[in-house]
Structures are given as C-alpha cells and as structure tokens.
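Working notes for the structure below.
These figures come from a predicted structure and were not determined experimentally.
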Amino acid sequence: MADGAPDGWTDTEQRLWDAFRHGEVLDLRAGKAEDDDPAGSGDWGAERTVRAEVLARLLLSGPAPAPGRVAALKLNGAYVAGPLSLAGASLTHYIELHGCRFDTRVLLSEARAGTIRLIGCLIPRLDASRLAADGDVHLARCVVPQGIRLTDARIGTDLLLNQAVLGADPHHRALSADGLTVHQDLEAERIEVHGEFGIRTGRIGGRLSLRGAQLRMPVPGRNCLNLARTTVGNTLYLTGSADNRWTTSPSEYAYGYGPPHEPGAAVTPFRAWGGVRLVDARFEQACLIHEAEFHLSEGQELSLRRIRTPELRFACKKAPDGTVSLSRAQVGNLVDAPRSWPGAGLVRLTGFTYESLRPAEPFGVAERIAWLENSLGEYQPEPYEQLASALRRDGRDEDAREVLYAKQRRRRAALPVHARLWGLLQDVTVGYGYRPGRAALWLLLAWLLGTAYFAEHPPQPLKADEVPTWDAALYTLGRLLPVVDLGQGGWNPDRQGQWVAAGLVLTGWILATTAVTGATRLLQRG
C-alpha cells in the first residue's frame with residue numbers, strides 16, 4: 001500500500017504513521033497517573049514504545065498528508081527508544097509531544113523548525129544550540145536531568161520552561177543559553193533548577209519571567225542565575241507565584257499576563273541558593289524583585305552592577321544573606337523598603353544613579369542616610385549628592401538638607417586633625433549651614449552672658465568730659481556685631497572686661513563666618 005508504513009515497523013509505529021498523515025494525536029497513555037509519569041517507575045512496555053528513528057523518518061521524509069489534512073507529529077505517553085538526532089535538519093511539520101519518556105538525549109543543534117512543544121516529557125539531555133524556530137518552543141513541565149543547551153538559538157515567538165525540572169551538565173550548567181534570542185516572552189515560572197540558569201548576552205523581546213522559580217547551585221561560590229549583558233524588551237520578574245490557576249491544571253502550563261494574585265493569597269516565592277548576576281543587563285520596562293529570597297554564601301552577591309531600567313522594585317520581605325551591589329547602575333524609579341537591604345556593609349552603591357524614590361513602605365530620611373552610609377567604606381560625596389538630588393526632585397527639601405548635613409559630618413572624619421577641629425566648630429555652631437538656627441542661639445547666649453557681665457562691671461568712659469549713655473545690652477551687641485555701630489564705642493573696659501569684649505568679638509566673627517559659609521553652600525546647592 002503506497003501510503004502504508006515501511007516494513008518492519010511495529011503496530012504502534014504503524015498507528016503513528018497514520019496519525020501523522022492525518023495530523024491526529026496518537027495517545028499511548030495507560031490512564032493511571034503512576035504509570036503515565038515519565039519520571040516515575042511505571043511500566044512502559046513494547047505497546048508504548050516508538051523508536052527515535054521512526055520519529056526522525058516521519059519528520060524528515062514522512063508520508064504525504066491525507067487529503068484535506070495537515071501532517072503533524074502529535075504523540076502522548078510514548079517511550080522513545082534510542083537517540084533522536086535531528087541536528088541540522090529542516091523540520092517543516094508541527095511537533096507536539098506530551099508525557100513522553102526519552103531514553104537518551106535529543107539533538108536539535110542547528111536545526112530549523114516551526115513550532116516545537118514537548119510538554120511534561122522526560123528528556124535526559126536536550127542539545128539545541130543554534131536552533132532556529134519560527135514559532136514557539138515549549139518545554140513546560142519537562143524533566144531534563146542533564147540540562148538544556150540553547151546557545152545562540154533563535155525562537156520566533158515564545159520560549160516556555162514553566163515548572164520544568166533541570167539538572168546540570170558536567171560543568172554545572174542546567175540551562176546554557178548564551179546568545180539566546182527570543183522574539184517575544186521567555187517564561188520559566190516555578191522552574192526547579194539544580195545548576196546555573198545562564199543566559200549571557202541574550203535578547204528577550206518581551207518579558208523574562210522567573211516567578212516562583214527555585215534555583216539551586218550545588219557548588220559553593222558559583223552563580224545559580226547569570227543574565228549578564230542580557231537585554232529584556234519588557235520586564236524581568238524575580239517575584240513570587242500564586243499557588244493556584246495553571247500550577248495544578250492538567251492542561252494549562254502557563255500563567256501569561258493574567259491578573260496579579262489577591263492580597264493574602266498563598267504564594268511560592270522566587271528563591272535563589274547561589275549568586276545572582278545581572279551585570280550590564282538592560283530591562284526596558286522594569287526589573288521587579290519582590291516576594292523573593294536570596295540565600296547567598298560567603299563571597300556571593302546579588303549583583304545588579306551597571307544595569308539600566310526605568311524602574312527597579314526591590315522590596316523583599318527579608319534582606320539577602322550576602323552583598324547587594326548596584327554600583328554604577330542607572331535607574332529611573334527606585335521602589336524599595338528598608339527591610340529589603342542587608343546591613344553590616346553589604347550594600348554597594350558607588351556610582352548608583354536614580355531619578356526618584358518611590359518607597360514601597362515608609363522609608364524615613366534617617367533610614368535613608370543609614371542605608372547610604374552602610375554602603376560606603378571610605379568617604380564618597382557622590383552617593384549623598386545623588387540622594388539629596390532625588391529628594392529635591394520629589395519636593396523634600398528639608399530631607400535633602402539632612403542628607404547633605406550627614407555628608408559633611410561623614411567628610412569631617414576623613415580630614416586632617418586641624419580640619420576636623422574647624423569642621424567640628426562649624427557643626428556645633430551652625431551645623432555646616434544646614435542648622436542656621438544654631439548660630440542665632442549661640443549669639444543669643446553670648447549676648448545674654450555679655451550683658452550680664454557688663455551690667456555688673458560697667459566700664460569707664462574713654463573721655464572724662466564725654467560720657468555717653470551707658471547700655472550694657474547695646475554694648476555687648478556692638479561687640480558681637482563689630483561691623484555695626486550702636487553708639488557704644490566710647491567706653492574703656494578694664495583688663496578683665498577687655499578679655500570678655502575680645503571673646504565677644506571673636507565669637508561674633510566665627511559665627512558670622514560659619515553662617516556665611518553655610519549660606520553660600522545652600523545657595524550653591526539650591
């Protein structure tokens with residue numbers, strides 16, 4: 001029979017031949033959950049076995065479709081025996097396999113395809129470097145013990161890895177996808193990874209979602225997530241995932257752009273055991289990090305160095321165990337919470353710039369200053385200036401002055417001894433110009449003390465025949481403000497009174513000098 005299966009094919013393979021011609025599903029499932037779990041220990045006998053060479057034959061030189069039908073490979077619950085090698089192939093047919101068990105690796109390197117959907121399958125290893133798929137590539141709920149290689153692959157629409165379980169290759173890479181291009185979304189929600197999830201220099205046209213992902217690096221000191229130099233056209237989600245909807249559905253395996261979960265709903269957080277590296281990445285809409293846990297060992301960090309994004313949301317309920325680095329990152333809105341940042345000098349903010357602060361929880365200026373100073377080793381003026389500028393743009397001038405005052409106090413600690421003494425004097429008297437009320441209080445105190453002294457010890461007139469009207473208060477004020485003539489210059493105090501007058505003059509000049517210095521600083525910053 002011209003349209004019949006080749007000789008030597010089993011009954012199951014002949015049925016698959018016919019289903020392929022008609023674009024229909026061949027369902028070989030046993031109907032029991034324990035027997036249909038590809039990663040389980042159920043019996044997968046000969047009646048469920050299809051040789052990998054049969055799949056290759058159908059995809060590369062299969063029969064013509066039945067009249068009025070579109071040929072497609074649709075197979076459920078099969079045991080695929082032998083290596084499926086399609087490297088360099090041109091696959092024009094639609095491919096969809098559910099719940100299949102492969103006994104060895106699948107090779108798709110440098111192949112061209114339309115849409116490939118392998119859902120809930122056990123695949124020991126998937127090599128698909130430089131794969132060019134015009135449509136989707138779905139690997140949701142697959143178990144891949146030796147990892148996936150998608151280096152320099154190009155996906156025309158979406159790449160879905162939701163709820164997949166990935167082991168690692170000998171180099172501890174679970175997903176090796178450097179140079180990957182996905183034209184729309186990459187979803188890896190609630191994925192379980194044992195090794196590095198790596199997409200360096202990748203380009204994701206839509207969003208990159210790792211909501212509810214569980215990333216574990218078993219090797220100390222290594223990264224569990226590496227997105228260095230990757231560009232995401234929409235949003236990166238390192239957030240939690242609600243425990244409902246598609247997560248327990250037998251048919252759905254994606255969450256998509258659905259509504260956010262209700263407040264108080266059960267959520268699986270994003271969790272990372274190992275370093276997280278987003279160095280030099282670009283997120284065109286936002287980088288969202290909340291409902292997330294970072295378990296970092298010594299020497300590991302959550303590295304956001306030199307990222308660029310219009311919005312960074314960093315609002316974890318618990319601070320990461322290790323260092324958080326934002327050195328030279330460029331952010332529009334910074335949405336954060338005090339409890340999200342680690343203490344003990346584990347924040348790096350050198351060269352970090354942001355346009356505005358939009359705290360997710362109350363974040364007072366004292367906490368902001370502590371956040372800033374926790375990030376600094378040696379004195380650096382730029383972080384203070386950056387924070388003050390952002391506060392001014394939000395109309396919080398008083399808070400901005402508090403930050404600049406803290407900057408001057410921090411700067412004083414790095415100066416030589418004589419400069420520290422002068423700085424201390426400025427601090428005590430006028431608060432470096434950011435506490436102008438202090439100068440008035442010191443002047444008032446000096447005036448009251450001087451007035452009390454000269455009221456008890458009035459001086460003699462300079463000329464016996466010219467005795468002006470004596471006023472202790474005006475005389476003291478004239479000493480404190482020596483550039484102002486209050487008509488009390490005709491008096492000659494005794495030796496002790498001269499020392500008191502000299503002290504008043506010196507106090508007046510010091511307070512005036514420091515007040516002018518502070519006023520000048522305010523004008524320059526304002």
Among Val137, Leu139, Val193, Leu210, find the one that has a side chain to side chain contact (heavy atoms under 4.5 Å, CB included) with Leu161.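 Of the listed residues Val137, Leu139, Val193, Leu210, the side chain to side chain contact (heavy atoms under 4.5 Å, CB included) partner of Leu161 is Leu139.
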Residue among Asp185, Val182, Leu208 satisfying side chain to side chain contact (heavy atoms under 4.5 Å, CB included) with Val232: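 Testing Val232 for a side chain to side chain contact (heavy atoms under 4.5 Å, CB included) against Asp185, Val182, Leu208 leaves exactly one candidate, Leu208.
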If you measure from the Lys or Arg side-chain nitrogens to the Asp or Glu carboxylate oxygens, is any gap between [X] and [Y] under 4.0 Å?
X	Y	answer
Arg200	Glu196	no
Glu293	Lys317	no
Arg207	Glu187	yes
Arg358	Asp394	yes
Asp336	Arg313	no

Taking the side chain as everything from C-beta on, heavy atoms only, tell me whether [X] gets closer than 4.5 Å to [Y].
X	Y	result
Thr350	Leu326	no
Tyr94	Arg117	yes
Arg125	Arg149	yes
Leu84	Leu107	no
Leu73	Leu55	yes
Leu159	Leu150	yes
Ser389	Tyr384	no
Ile116	Leu108	yes

Tell me, with the steps shown, if Arg51 and Glu53 meet salt bridge (Lys or Arg N to Asp or Glu O under 4.0 Å). CA-CA 5 Å; Arg51 291 170 294 162; Glu53 62 188 77; 3.4 Å; yes
Before you tell me yes or no, could you show the steps for Glu284 and Arg308 under salt bridge (Lys or Arg N to Asp or Glu O under 4.0 Å), namely the whole-Å CA-CA distance, both residues' side-chain angles and the distance that decides it to 0.1 Å? CA-CA 8 Å; Glu284 301 297 341; Arg308 293 183 182 179; over 6 Å; no
Would Arg393 and Glu355 count as a side chain to side chain contact (heavy atoms under 4.5 Å, CB included) if you check the C-alpha gap in whole Å, the side-chain angles of each, and the deciding distance to 0.1 Å? CA-CA 8 Å; Arg393 282 191 290 270; Glu355 293 297 321; 3.9 Å; yes
Has the side chain of [X] got a donor or acceptor atom that lies under 3.5 Å from a matching backbone atom of [Y]?
X	Y	value
Asp136	His138	no
Gln300	Ser297	yes
Arg69	Gly23	no
Asp103	Gly82	yes
Glu34	Gly40	no
Asp169	His172	yes
Ser340	Cys316	yes
Thr157	Gly135	yes
Trp44	Asp35	yes
Ser241	Arg211	no

Are Trp273 and Phe294 an aromatic pair, judged by ring center distance below 6.0 Å? no
So, Phe270 versus His290, ring centres under 6.0 angstrom or not?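 No, ring centres 6.0 Å or more apart.
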Should the pair Trp371 and Phe352 be assigned to parallel (<30°), tilted (30 to 60°) or perpendicular (>60°) ring geometry? perpendicular
Could you measure the distance from the [atom1] atom of [X] to the [atom2] atom of [Y]? Nearest 0.5 Å is fine.
X	Y	atom1	atom2	result
Ile199	Ile204	CD1	CD1	5.0 Å
Leu131	Leu91	CG	CG	8.5 Å
Phe283	Leu304	CZ	CG	7.5 Å
Ser176	Ile148	OG	CD1	11.0 Å
Thr92	Asp134	OG1	CG	11.0 Å
Leu186	Leu180	CG	CG	6.5 Å

What I want to check is whether the side chains of [X] and [Y] have a donor and an acceptor closer together than 3.5 Å.
X	Y	value
Asp243	Thr268	yes
Tyr354	Glu311	no
Thr353	Gln386	no
Asp178	Thr201	no

Is [X] atom [atom1] crowded by more than 12 heavy atoms from other residues, nucleotides or ligands, each under 6.0 Å away?
X	atom1	answer
Lys318	NZ	yes
Arg105	CZ	no
Arg203	CZ	no

Where [X] and [Y] come nearest, the two heavy atoms and their spacing:
X	Y	value
Gly99	Cys121	N-SG, 3.9 Å
Arg48	Leu28	NE-O, 3.0 Å
Arg282	Arg306	NH1-O, 3.1 Å
Gly212	Gln214	O-NE2, 3.0 Å
Arg277	Ala228	NH1-CB, 3.3 Å
Gly195	Pro218	N-CD, 3.9 Å

Might you work through the side chain to side chain contact (heavy atoms under 4.5 Å, CB included) test for Thr239 and Ile289, ending with a clear yes or no? CA-CA 6 Å; Thr239 67; Ile289 305 175; over 6 Å; no
Worked check of side chain to side chain contact (heavy atoms under 4.5 Å, CB included) between Val403 and Val365: CA-CA 8 Å; Val403 172; Val365 66; 4.0 Å; yes
Yes or no on salt bridge (Lys or Arg N to Asp or Glu O under 4.0 Å) for Asp36 and Arg29, after CA distance, side-chain angles and deciding distance? CA-CA 6 Å; Asp36 289 329; Arg29 291 176 295 184; 5.5 Å; no
Intermediate values then yes/no, salt bridge (Lys or Arg N to Asp or Glu O under 4.0 Å), Glu402 and Arg368: CA-CA 10 Å; Glu402 286 290 330; Arg368 277 289 177 202; over 6 Å; no
